[in-house]
Every structure is written in structure tokens, then in C-alpha cells.
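All heavy atoms count here, side chains included; hydrogens, waters and symmetry mates do not.
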Number of protein chains: 2
Amino acid sequence: MLQFKGRKILKKKGVDSLQVSGKKERLRDFIKKMGFKSTRQRDIIATEFLKTICHITAEELYKKISRMNKEIGFTTVYRTLKLLAKSGLATERVFADNLTRYEPISTKEHHDHLICLACGGITEFEDTKIEKLQEAVAVEFGFMTITHKMELYGYCRKCKKHAPASE
Amino acid sequence: MLQFKGRKILKKKGVDSLQVSGKKERLRDFIKKMGFKSTRQRDIIATEFLKTICHITAEELYKKISRMNKEIGFTTVYRTLKLLAKSGLATERVFADNLTRYEPISTKEHHDHLICLACGGITEFEDTKIEKLQEAVAVEFGFMTITHKMELYGYCRKCKKHAPASE
DNA sequence: AAGAAAATGAAATTCATTTTCAAAATGTTA
DNA sequence: TAACATTTTGAAAATGAATTTCATTTTCTT
Ligand SMILES: [Zn+2]
Ligand SMILES: [Zn+2]
Ligand SMILES: [Zn+2]
Ligand SMILES: [Zn+2]
């Protein structure tokens, strides 16, 4: 395992960079198409965001960027995330803590979430069977589904032992 | 159909009143057990709330009550709904509009929601197959589920025709 | 370089939710 | 019933995330 670590990371880095730059191009296209302007700030924010794996809030991303760059304001981070969402490069999500989080779109078109009540960890999953049954429910009610939200809250493998009244 | 209307409503009213008074007793028990005090306001708010079928916000319930009774403040409505939730007689829910809504517990233990993006109508559904598959997903990830949220957003039968880009 | 349009960011605003606090109501005890 | 401790009430203030404002700066096109 250990001896492959270097290589794996190297490969992963390469892929990530490619993905990020591909997405950044998409953002630039979107900005141009909409008659907007490319700026240093948007570039930095988008780069930093697209590197993200997790579901990040505007505040968190702002703090992360602030560490290296004192000249980017919270408002711009906030607005750039909205822009990324509008351009289709980010997905806006609100979980039980009522904070607006953003995640870069990934290879998975759609996915749902498992959220740990102890550590706050978020795991993604896809289940086509469930998706089909959801659609069946919709049809049954004469409902035309546009989107849906499914979140399972509980304790992840690591936090299970800390679950209240589990012992 | 029409000739049964009177009778049906009468019967329904009877059942509702019984259910409401049963729940009000449960609230009184809870209040006593917790060392709290029963008040005129709590009684009025709980009665009005438990009659509710829909998913109501504190603001909405406050306005509804205000029409008849000018002496009940918003804060008390807000606090009583929280109290009902803590006592287990109400469920607190937040849908995509980010407003906190309350619904009285019903005979259905658990249910999920279909929410119309046009009229805001909320329909409840239960699907044991989905619930089982959700649990299977959780198990697969070594996750111990405590609760979950599943909401389908789209257009209900009545509003389908108004759905954007459907024609 | 000039001008038009958009972006920035600090500060202000919004808005639902929650808390504060002085006065009122409740329920227990004597 | 009166006194008392405790809780409740409700107007107002506080909170806090999300959003908007606006003067200044930057970008992009002539
Ligand atoms: Zn899904
Ligand atoms: Zn996700
Ligand atoms: Zn469910
Ligand atoms: Zn419901």
C-alpha cells in the first residue's frame, strides 16, 4: 500500500488539475457568454473551490482563501459561488444545519447524502432502485418531479460508538 | 355524493375533536411532567394547531389565531410550537423555502413529502420499499440511521400545465 | 488612452429565528 | 385565601446567515 502512495497521489493530482482547468474553462465560457467579465478574484475563488472535495459554505471557502490572500472579500466569494451554481459548475445544498453549502459537480450526475450527526461528515451515494421508486411514487400522485432531496442522518462507522443510548 | 356531505362532515368533526382533545391531554400531561404550567394561551394555540391539517409556520399560525384573539403574541405561538415538538405532538420540518413548519403527528408514524413548486401544496406519502432500500444503503456504508428526509419537488396534477417549458 | 459596463468589498439591510427582561399569571404552600 | 416561588408572557432587542447597496476599482472594447 504505502509504496504506491506517491504514485497514486501524483496520478490523482494530475487528473484533478485537468478536471479543475477544464471546469475553469467552462466557467470562463459561461462568463463570456453572459457578457460578464473575468477577474483575478473569480479565478482564484473558482480554482480554490473546484479543488474542493467536500460540501463547503461561502464562509468556509472565504476563510480558506483569506489565509493566503487577504484581498478577497467575503461578498465576492459568496457571489462567485452563486455564479458557479448558475453556470452549472456547482450545486447548492442545504442540510439540516440550515447553512448553504456548495459542491463542485462531479462525474456522478446526481447523488444523495448520508450525514453524520456526530462528526458532520458527508458521504455521497447513488441508488437507482430508490430513484425509480421515487419516480413511481410521483407518477402515482400525478406529480411531475423536477428535483428531489434525500438525506439520511445518523452516525457514521467511526462515530457509531458515540451515538446516544447505544450502549 | 352531495347528500352524504352533511353526515360525513359531522362524523369527521367528531373524530377530529376527539383526536384533538386526546392530544391536548397529552400536552397537559407533558407540561405537568416537566414542571411547566398550563396557560390559557397554550391551550388556545395547541387547540388551533392540532386542528391544522397542513404544514404551518409559526407566523401563519400566529396570524390565524390573531384574527380571533388579539391577546396572543407571536413569541408565545413560536414557543408553544417548540413545546409541542418537544412533547412529541408536533414535527418540525424545513422544506426548500427554508421556513420552519410544524405538523401535528398523525396516525402515520413516518412519511415523506411531495412539494409543488407552483402552488406550494404539500402531499404526504409513505413507501416501505424505499424505506427498506434506504436502510440497506445505510448498512452498506456502516451507517446507523437516526432519521431521514426525502422530498420530491415538482408540479402537482393541477399545476403541471404551468410547468416551465412543458409545452 | 477613453469610455462604458461590470465587479469588488465594506457596510448596511433583510428577515426568520431566538433571546431578553420586566410585568403578569400560575400553582403550591401555609 | 394570602403569600411565595416559579414559570409564562409578549414587546422589543439581538442574532446570524443571506443578500443588497453603493462608491470605488477593474475589465474590456473602441
Ligand atoms: Zn436521489
Ligand atoms: Zn454531494
Ligand atoms: Zn421516509
Ligand atoms: Zn407531513
Legend entry - ILVMFWY cluster membership beyond A:Phe141 - transitive side-chain contacts under 4.5 angstrom: A:Leu114, A:Phe125, A:Ile130, A:Leu133, A:Val137, A:Phe143, A:Met150, A:Leu152, B:Leu114, B:Phe125, B:Ile130, B:Leu133, B:Val137, B:Phe141, B:Phe143, B:Met150, B:Leu152
Inset, instruction - Not counting sequence neighbours, which residues clear salt bridge (charged side-chain N to carboxylate O under 4.0 Å, His left out) with B:Glu126? List them please. - result: none
Legend entry - Sugar-phosphate, base or nothing in reach of A:Thr100, heavy atoms under 4.0 Å: sugar-phosphate
Legend entry - For chain A, the stretch of DNA chain C it reaches, first to last nucleotide, under 4.0 Å of its heavy atoms: C:dA5 to C:dA11
Inset, instruction - If you link ILVMFWY side chains whenever their heavy atoms are less than 4.5 Å apart, which other residues fall into the same cluster as A:Ile53? By chain and number, please. - result: none
Legend entry - side chain to side chain donor-acceptor pair (under 3.5 Å) contacts in which one or both residues fall within residues 69-90 of chain B, not counting sequence neighbours: B:Lys82-B:Glu92
Inset, instruction - Look only at the side chain of A:Lys149 and the backbone of A:Arg93, and say whether a donor-acceptor pair between them is shorter than 3.5 Å. - result: no
In residues 34-41 of chain B, what donor-acceptor pairs under 3.5 Å come from side-chain atoms, sequence neighbours left out?
residue	atom	partner	partner atom	Å
B:Thr39	OG1	B:Arg42	N	3.1

Inset, instruction - Check ring pair (Phe, Tyr, Trp, His ring centres under 6.0 Å) between B:His148 and all other residues, then give those that pass, not counting sequence neighbours. - result: B:His110
Legend entry - Whole angstrom value for the distance that separates C1' of D:dT26 from CD of A:Gln41: 8 Å
Could you go over nucleotides 28-30 of chain D and give all protein N or O partners under 3.5 Å, atom names and distances?
residue	atom	partner	partner atom	Å
D:dC28	OP1	A:Ser38	N	3.3
D:dC28	OP1	A:Ser38	O	3.4

Inset, instruction - For B:Asn98 and D:dG16, give me the distance from atom CG to atom C1', rounded to whole Å. - result: 13 Å
Inset, instruction - Map B:Ala58 and B:Arg40 onto DNA chain C by nearest heavy atom, then report which one ends up closer to the 5' terminus. - result: B:Ala58
Inset, instruction - Quick one: list whatever passes ring pair (Phe, Tyr, Trp, His ring centres under 6.0 Å) with A:Phe74, sequence neighbours left out. - result: A:Tyr62
Legend entry - Nearest-angstrom distance from the residue atom CG of B:Asp43 to C1' of D:dT7: 17 Å
Inset, instruction - Output all residues satisfying side chain to side chain donor-acceptor pair (under 3.5 Å) with B:Arg157, sequence neighbours left out; order by chain, then residue number. - result: none
Inset, instruction - Check which hydrophobic residues are tied to B:Met68 through side-chain heavy-atom contacts below 4.5 Å, counting indirect links as well, and list them. - result: none
Inset, instruction - Return the 5'-most residue of the pair B:Ile45, A:Tyr102 with respect to DNA chain D, ranking by each residue's nearest nucleotide. - result: B:Ile45
Inset, instruction - Please work out which residues in residues 66-83 of chain B have a non-hydrogen atom less than 4.0 Å from an atom of DNA chain D and list them by number. - result: B:Glu71, B:Ile72, B:Gly73, B:Thr75, B:Thr76, B:Arg79
Inset, instruction - Might you point out which heavy atoms bring B:Cys54 and B:Pro104 nearest each other, and give the distance in Å? - result: O-CD, 4.4 Å
